[in-house]
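In what follows, chains carry the letters A, B, and so on, assigned in the order in which the sequence lines appear, proteins first and then strands, with residues in each chain numbered from 1.
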Amino acid sequence: MKKIKGRLLMTAAEIDLVLARIAAEIVEKLGPRDEFAIIGIRRRGVPLAQRLCQKIEATLKRPIPLGILDITLYRDDLTTISNRPMLRETLIDFDINDLSLVLVDDVLYTGRTIRAALDGLVDLGRPKRVQLAVLIDRGNRELPIQADYVGKHVETAEDETVEVRLTEEDQEERVVLLKRPQPSPAAEE
Amino acid sequence: MASLSHKDLLSIEQLSVEEINLILDTAEALREVSDRPVKKVPALRGKTVINLFFEPSTRTRSSFELAEKRLSADILNFSASTSSVSKGETLLDTAHNLEAMAPDIIVIRHESAGASHLLGRECRSSVVNAGDGMHEHPTQALLDGLTVRTVKGRLEGLKIAIIGDIAHSRVARSDTLLFHKMGADVWICGPPTLIPWDFDKLGARITGHIEEAIEGSDVVMMLRIQHERQNEAFIPSTREYYNIYGLTRERMRLAKKDTIVMHPGPMNRGVEIDSDVADADYSVILNQVANGVATRMAVLYLLSGNAGLKVKRSSR
């Protein structure tokens, strides 16, 4: 096996177990009664949302709408950074009005991505409720935001990076805690 | 990180293939905003955009205005008839006065080639060329590129015929530059009096026969006769022009089966294009209009962080 720098937080098998648990929690909380949909936040929230969706559909035996949200246009740092972040399409082809939504992202950190995502959703309609599912909650919040479903809580310092690698995006699967922040913005974008 | 390395968008000439693809990809992502119930995103909130139109324009100006509004920018509109230009102010003075209002982006259309370049040199703000004389109209070419790419899936290797008043058309110049850069086979066609013969230097093939231009083409782009830019007779009559260069159903049979017809507007039905061609299934003229808003949103979004970038200021 390839040597991995940093502390290994989750293996591929653990990621799968955790997603199965979150899927079960979503079914339990929102239940068979509620009309709900899963929304993945680009980029790594998308494959996680797809996997959750599959697991939930297998349990409930009915299709669950799946959407993709790009939060770039809603970022709060657009006026201060000079490089424009790459835009990708938001793909939500169903009506979110009066629907329960589960937002899915890989890492919950400052909470700013989720703030932007909530603004993005409000522009698309008025959902009945919005919940949040994340693979890793690494603390250090800068906004009063919390997740409803958490894969794993990790104590981190600000000079550390949680790197989530998923097969669909990165051709490998694991979560690692790195000491020095990587120049690549991939893990926290 | 995706970014344009320019402060201004003045021409297609200045753009690399990667930058053109970046703008088209961004425009594609932004198209969805116009399909929403709330057609507004906050990306340019707090930014000020000045629309400076020295030439009459409905389509381009409203397209820019809509793009700016959908990005939540604050807008100021100046047109030549209501501004100090009609009171004798020079473009440079106008530019410096506008600059003093600290806009982030200035969109300019002017009857003189190079007007936007002058503004770009003098101003800290980003400048977008919305058409300068007979020179360039880059956002039109970009939206045309997006329209073709959306329908055909690519630009490379397509035969694209641009037919009509090439000499007076900034759209023809920008389109030729863009499609050639992206690897398409560009043909231009029109009456000899309306063809600038140096267009082969831009990478286009030139023909006087509309049949040769249309034959086997993937895209047929028609341009109107720009009477307002002509001070002499370039064509004997519009009737004769229609007979020799008008796009008819019969002539369209020469093109590929899955060809598309484009027109940047305004259209003169019965002169350069037949009504039944303009309204046919293969006409994507209205897609062009819709793509115009998304393309301009993309340009504004990508430039919005670049004000003050690499400015060479002349001494004042």
Side-chain angles (χ1 to χ4, degrees), chain A residues 37 39-43 45-46 65-99 101 112-127 130 181-189, chain B residues 1-7 9 18-19 21-48 67-74 102 104-105 124 126 146 150 294-295 297-311:
Chain A
I39 309 272
I41 299 175
R42 284 196 198 269
R43 280 165 52 198
V46 176
L66 174 70
I68 296 175
L69 185 65
D70 185 284
I71 57 110
T72 310
L73 294 164
Y74 296 89
R75 286 171 62 142
D76 58 7
D77 54 359
L78 276 181
T79 45
T80 50
I81 51 175
S82 65
N83 268 354
R84 301 288 88 177
M86 185 69 203
L87 262 188
R88 287 185 178 79
E89 197 178 3
T90 287
L91 286 167
I92 299 177
D93 57 1
F94 47 87
D95 186 3
I96 66 164
N97 282 303
D98 299 320
L99 210 59
L101 300 177
R112 288 178 192 270
T113 301
I114 305 306
R115 199 279 314 157
L118 291 172
D119 274 5
L121 285 180
V122 166
D123 277 359
L124 298 174
R126 186 177 187 277
V130 182
Q182 298 290 86
S184 145
E188 286 298 328
E189 76 184 6
Chain B
M1 274 298 148
S3 218
L4 291 178
S5 56
H6 311 283
K7 175 175 83 74
L9 177 69
E18 292 71 32
E19 287 172 326
N21 276 324
L22 169 65
I23 296 172
L24 299 189
D25 291 345
T26 307
E28 217 157 56
L30 282 163
R31 239 182 338 211
E32 159 265 334
V33 174
S34 299
D35 297 331
R36 295 182 185 183
V38 180
K39 300 174 182 57
K40 212 176 189 64
V41 291
L44 258 64
R45 201 177 42 186
K47 302 265 183 193
T48 307
E68 292 150 8
K69 286 181 172 161
R70 289 190 179 161
L71 290 172
S72 306
D74 295 317
D104 298 282
I105 300 176
R124 215 196 130 270
S126 289
L146 179 65
T150 306
T295 304
M297 285 172 79
V299 167
L300 294 167
Y301 167 75
L302 290 169
L303 287 181
S304 61
N306 291 3
L309 194 79
K310 284 181 276 178
V311 214

Query raised in the report: Which atoms form the tightest heavy-atom contact between A:D123 and B:V38, and what is the distance?
Result: O-CB, 3.3 Å
**Report entry** B:L30, part contacting chain A, at a heavy-atom distance under 4.5 Å
**Finding:** side chain
Report task. For residues B:E32 and A:I92, determine if any side-chain heavy atom of one lies less than 4.5 Å from a side-chain heavy atom of the other. Result -> no
Query raised in the report: Contact part of A:L124 toward chain B, heavy-atom cut-off under 4.5 Å: side chain, backbone, both or neither?
Result: both
**Report entry** Exercise: identify the closest heavy-atom pair between B:P42 and A:Y74
**Finding:** CD-CE2, 3.1 Å
Report summary line: Okay, B:P37 and chain A: the region with an atom under 4.5 Å from a heavy atom over there is side chain
Query raised in the report: Considering all heavy atoms of both residues, which atom of B:S304 and which atom of A:R84 are nearest to each other, and what is their separation?
Result: OG-NH1, 2.9 Å
Query raised in the report: Less than 4.5 Å apart, any side-chain heavy atom of A:M86 and any of B:D25?
Result: yes
Query raised in the report: What is the distance from atom OG1 of B:T26 to atom CZ of A:R88, rounded to the nearest 0.5 Å?
Result: 9.5 Å
Report task. Find the distance between CG (A:L78) and CG (B:L44) and round it off to the nearest 0.5 Å. Result -> 8.5 Å
Query - When B:R36, B:R31, B:K40, B:K39 are compared by non-hydrogen pairs under 4.5 Å with chain A, the top option - result: B:R36
